[in-house]
2 protein chains.
Amino acid sequence: MHNLLSNLKIAVPEKIFVKDPESSALGKRIIEHSILLINDLGFDAFTFKKLGVIIGSNESSIYRYFESKHKLLLYLSSWYWAWIEYQLVFETHNISDHKEKLIKAIDIVCRTTKEDSNFSHINEIVLNRIIINENSKSFLTNEVDKENKDGYFIIYKRVIQRLRDMIIENSPDYNFPSSLASTIIEGGLHQHFLKDHFLSITDCEGQITPSRFFIDLTVNTLNLK
Amino acid sequence: MHNLLSNLKIAVPEKIFVKDPESSALGKRIIEHSILLINDLGFDAFTFKKLGVIIGSNESSIYRYFESKHKLLLYLSSWYWAWIEYQLVFETHNISDHKEKLIKAIDIVCRTTKEDSNFSHINEIVLNRIIINENSKSFLTNEVDKENKDGYFIIYKRVIQRLRDMIIENSPDYNFPSSLASTIIEGGLHQHFLKDHFLSITDCEGQITPSRFFIDLTVNTLNLK
DNA sequence: TCTTATGTAATAGTAAAACTATTATATTTG
DNA sequence: CAAATATAATAGTTTTACTATTACATAAGA
């Protein structure tokens with residue numbers, strides 16, 4: 001998979017960036033180190049100025065690639081979900097059993113990233129941590145409807161719809177396939193957050209993972225045999 | 001219920017504010033109009049300066065009550081969950097049937113607020129909208145562990161634990177009562193957000209409410225007869 | 001009633017963040 | 001090799017978030 005991924009360019013909606021960060025060495029450094037710095041400082045305390053110092057480049061040069069730090073977050077989020085979608089398609093396409101396929105899919109969207117591909121400048125382990133902590137901030141804004149119309153969230157929505165389709169494949173009569181799919185995906189991230197910060201309101205810890213919880217939830221709800 | 005509520009002071013952890021906004025007319029105006037203004041502008045664009053203009057008071061006076069806009073959000077969040085907790089206790093305490101009680105509880109935490117109590121300076125309908133859009137931002141910060149230690153989230157956690165206890169009452173052997181409770185509460189807010197902004201990834205619309213979805217999910221998962 | 005204490009709010013800031021206009025330096029290409 | 005273009009740096013501005021200090025108002029005690 002890693003070899004395949006290195007030859008595959010993850011496609012992000014064009015309007016998100018001013019200049020494609022994949023198109024230059026500086027652009028790649030911006031992506032690489034923004035992930036590390038957002039992880040260290042949190043998105044709120046992260047600034048282009050601080051990033052500039054780290055990559056030995058000027059703040060204003062970064063504005064040549066992204067018009068705001070919010071757009072940069074949208075880019076990272078889109079990249080992440082495109083990468084999840086890739087795994088979803090790749091790792092489930094040859095599973096013929098519907099139930100097995102759905103279980104695999106839930107595991108993919110809920111699991112913690114444990115290996116960095118080492119082929120790109122993007123550290124997927126750290127990016128996964130950022131998504132857990134910051135993904136909601138990409139859409140919890142006053143501009144969400146405009147940005148949605150501009151297509152900034154299509155990849156994220158497509159992942160949810162793929163999961164929804166697998167739910168329907170298992171239970172054509174179930175009334176809430178879209179809501180269940182979106183609950184699994186946001187809930188998966190949320191349970192990871194709780195296990196790191198609010199242990200008293202989650203059961204996830206050690207062997208009990210968000211994946212296991214949501215697989216159990218789905219199998220029972222859909223009454224899969 | 002409304003009459004009772006008007007005589008009942010919603011208790012918020014003391015360390016959240018510098019000076020109790022309930023203790024003065026200005027404090028109440030700050031709360032009243034911050035809710036309306038955050039709803040209009042979104043939390044990110046909301047500033048103490050803009051609030052000051054609206055309440056005809058100076059920006060710095062607001063700092064006498066809250067040391068930052070983040071602390072104000074924590075206050076509003078705590079107030080909201082205390083108010084939900086009140087409804088949870090009041091509306092379920094005389095229901096003896098465990099299943100019926102749990103269903104009522106899920107409805108309370110997931111339903112849309114439709115009536116303003118009109119007894120306090122707080123507009124609960126608008127506050128409910130703010131919580132849907134902004135609640136996550138109260139804990140998705142780099143300071144979450146410190147603030148959690150300082151008790152800023154106890155009311156929120158207590159509501160989840162009350163729901164968890166009702167789940168255990170119904171299914172003592174279920175393995176994930178805390179995760180299910182936290183999923184219902186965060187998921188309920190999220191499904192409301194989706195119905196307002198991302199209709200393609202939710203089934204909630206019109207008659208199909210987040211409450212119905214999560215009641216169905218819980219009854220099926222726990223296999224309640 | 002006068003003085004002191006205290007609560008409340010306004011003035012006038014500062015520091016940092018977010019973003020922009022302009023200029024300089026590479027690099028490409030015809 | 002000159003013109004065009006891509007790329008990046010300098011040096012700003014504006015806005016936000018927050019603070020230090022002063023002023024005013026009310027209340028309490030002697």
Exercise. Is any side-chain N or O of Glu59(B) under 3.5 Å from a base N or O of dC18(D), one able to act as donor and the other as acceptor?
Worked result: yes

Exercise. Salt bridge or not for Lys149(B) and Asp145(B), using N-O below 4.0 Å?
Worked result: no

Exercise. Hey, does Phe46(A) reach any base, or is it just sugar-phosphate, or nothing, if we go heavy atoms under 4.0 Å?
Worked result: sugar-phosphate

For this session: Just call it for Tyr65(A): base, sugar-phosphate, or nothing, with non-hydrogen atoms closer than 4.0 Å on any strand.
Result: sugar-phosphate

Problem set entry | 5′-ward residue of the pair Thr47(A)/Ser57(B) relative to DNA chain C | Ser57(B)

For this session: May I ask you to say what Lys49(A) touches in the nucleic acid, namely base, sugar-phosphate or nothing, with a heavy-atom cut-off under 4.0 Å?
Result: nothing

For this session: Tell whether Ser60(B) reaches the base of dA9(C) with its side chain through a donor-acceptor pair below 3.5 angstrom.
Result: no

Exercise. Of the candidate nucleotides dA9(D), dA18(C), dA10(C), which contains the atom at the shortest distance from the side chain of Ser61(B)?
Worked result: dA10(C)

For this session: Have a look at Lys71(B) and say if it touches a base, only the backbone sugar-phosphate, or nothing, with a 4.0 Å heavy-atom cut-off.
Result: nothing

Exercise. Of the nucleotides dA11(D), dT21(D), dA17(C), which has the atom closest to the Arg64(B) side chain?
Worked result: dT21(D)

Exercise. Does the pair Arg111(A)/Glu91(A) count as a salt bridge with the N-to-O cut at 4.0 Å?
Worked result: yes

Problem set entry | Atom pair distance, as rounded to whole Å: NE2 in His70(A) and C1' in dA17(C) | 17 Å

Exercise. So, for Phe193(A) and Phe139(B), is the gap between ring centers shorter than 6.0 Å?
Worked result: yes

